[in-house]
Amino acid sequence: MIVVTGATGNVGRALVRILTDAHVPVTALARHITEAEVPPGVRAVAADLAEPAGLRTAFEGATALFLLVAGEDPGSILDVAKAAGIREVVLLSSQGAGTRPDAYRHPLLFEAAVRGSGLDWTVLRSGGMSSNAFAWAESIRAGREVAAPFGDVGLPFVDPEDVAAVAAEVLRADTHHGAVYTLTGPAPISPRERAAAIGAVLGEPVRFTEQTREEAYQLMARFMPLPVVEGTLSILGAPTEDEQRVSPDVQRVLGRAPYTFAAWAARNAAAFR
């Protein structure tokens, strides 16, 4: 049995589907989840990573855990996991933990806890995800327009489907213990180019307007911690060479190239119509 936390999110939902299709028993965990939201045969458990004591029931009978960076006490989460018999943890962290540790201390806290847990572990450091473009869905549906900062700065955004596929492979094999994988897409792509790719899928142009850094900061500060806002804007506006570099790790683990942003947009076109 594998426990998938964040099972209703972009990565978690795909991971539950991939594991279920491979006939792997799954417990799908999220703060708000019902049996209707998971494939037949999947156990759905509503629980919060911020309250580790409430995870005991979810972890019972499991041997492996896919863990998000959520809550403030990773040590307690992992203690509950060990007590339940879990032997392996795969952590979904952030590329920023490696490139900007001062801004991404929360993921680093989880990485340190996983490394010191005594469990077999693997860390997946995801770059920015293609699904971030869902933030544009309302404005594209309403007026075929997008506003974003740093319009011509490209980053190799990764498809959540690839992140989920890597996680599934790592969880089912015993050859990845102690590895840290950086997950990116196949090529850098700018906000202007991503808007154009969505327009191509829709068959209509999507107008792009470049925001100032301050405009973007004010919007992001409404739903993100301020240090993360600063770190994110720094990556988006002035990425390091490592942040712009295409990682070979998706190809290495899956034996195929990562999906393009255009492929992600085509698969999710309904969200923008």
Side-chain angles (χ1 to χ4, degrees), residues 1-30 33 38-39 41-45 47-71 73-95 97-98 106-126 160-183 247 249-250 252-255:
M1 174 76 74
I2 295 175
V3 176
V4 176
T5 66
T8 57
N10 291 312
V11 174
R13 191 182 299 276
L15 178 55
V16 168
R17 188 195 73 245
I18 292 169
L19 291 173
T20 303
D21 288 348
H23 307 291
V24 177
V26 174
T27 291
L29 186 151
I33 191 171
V38 298
V42 171
R43 178 177 173 237
V45 178
D48 193 337
L49 291 173
E51 300 176 3
L55 299 172
R56 289 187 175 90
T57 299
F59 290 170
E60 287 177 358
T63 58
L65 170 66
F66 175 74
L67 181 62
L68 298 185
V69 173
D73 190 0
S76 291
I77 295 171
L78 294 167
D79 285 344
V80 174
K82 285 193 293 183
I86 287 174
R87 302 188 299 272
E88 177 185 5
V89 58
V90 174
L91 176 69
L92 179 57
S93 184
S94 169
Q95 184 182 21
H106 198 203
L108 279 175
L109 174 69
F110 273 71
E111 289 190 14
V114 163
R115 286 186 171 97
S117 67
L119 299 169
D120 291 328
W121 59 266
T122 309
V123 172
L124 308 181
R125 287 179 170 174
S126 173
E161 191 80 16
D162 284 333
V163 178
V166 169
E169 178 63 27
V170 168
L171 285 161
R172 290 180 294 169
D174 59 3
T175 56
H176 304 281
H177 299 159
V180 178
Y181 293 127
T182 298
L183 308 182
S247 168
D249 288 345
V250 170
R252 180 177 294 144
V253 174
L254 299 181

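This one's a predicted model, so the numbers in the text were calculated from it and none came from an experiment.
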Please test Ile18 against Glu161 for side-chain contact (heavy atoms from CB on, under 4.5 Å), starting from the C-alpha separation and ending with a verdict. CA-CA 9 Å; Ile18 292 169; Glu161 191 80 16; 4.2 Å; yes

Derivation of the side-chain contact (heavy atoms from CB on, under 4.5 Å) call for Val42 and Val4: CA-CA 11 Å; Val42 171; Val4 176; over 6 Å; no

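Using a 4.5 Å heavy-atom cutoff, the side chains of Leu109 and Pro74 are in contact. Contact annotation: the side chain of Val180 approaches that of Trp121 to within less than 4.5 Å [non-hydrogen atoms, C-beta and beyond]. Considering only heavy atoms from C-beta on, Val114 stays 4.5 Å or farther from Leu119 through its side chain. A heavy-atom distance below 4.5 Å is not found between the side chains of His176 and Asp120. Proximity of Leu55 to Leu29: side-chain heavy atoms (C-beta onward) are separated by under 4.5 Å at one or more points.
Atom CG of Asp73 is separated from atom CG of Asp79 by 8.0 Å, given to the nearest 0.5 angstrom. Note: Leu78 CG to Leu67 CG = 6.0 Å, rounded to the nearest 0.5 Å. For the atom pair CG (Leu65) and CD (Glu88), the distance works out to 9.5 Å, reported to the nearest 0.5 Å. A distance of 7.5 Å separates CD1 of Ile86 from OG1 of Thr63, quoted to the nearest 0.5 Å. The structure places CD of Glu51 at 12.5 Å from OG of Ser76, a figure rounded to the nearest 0.5 Å. Here the OG1-CD distance, from Thr175 to Glu169, works out to 7.0 Å after rounding to the nearest 0.5 Å.
The local environment of CZ in Arg87 is sparse, with at most 12 non-hydrogen atoms from other residues, nucleotides or ligands closer than 6.0 Å.
Nearest heavy atom pair, residue Val3 against residue Ala62, reads CG2-CB, 3.5 Å. Across Ala64 and Leu171, no two heavy atoms sit closer than the pair CB-CD2, 4.0 Å. Here the shortest heavy-atom pairing between Leu108 and Ala97 reads CD2-O, 3.5 Å. Counting all heavy atoms, side chain and backbone alike, Val11 lies closest to Pro160 at CG2-CB, 4.0 Å. Contact detail for Ala7 and Ala30: the closest heavy-atom pair is N-CB, 4.2 Å. Nearest heavy-atom pair across Ser93 and Pro107 is OG-CB, 3.4 Å.
A donor-acceptor pair under 3.5 Å is formed between the side chain of Thr5 and the backbone N or O of Leu68. No donor-acceptor pair under 3.5 Å is formed between the side chain of His106 and the backbone N or O of Ala70.
Arg43 is linked by a side chain to side chain donor-acceptor pair (under 3.5 Å) to Thr27, counting only residues two or more places apart in sequence or in another chain. Partners of Asp249 under the side chain to side chain contact (heavy atoms under 4.5 Å, CB included) rule, at least two apart in sequence or in another chain, are Tyr181, Thr182, Leu183, Ser247, Arg252.
Among residues at least two apart or in separate chains, salt bridge (charged side-chain N to carboxylate O under 4.0 Å, His left out) pairs with a member in residues 108-119 are Glu111-Arg115, Glu111-Arg125.
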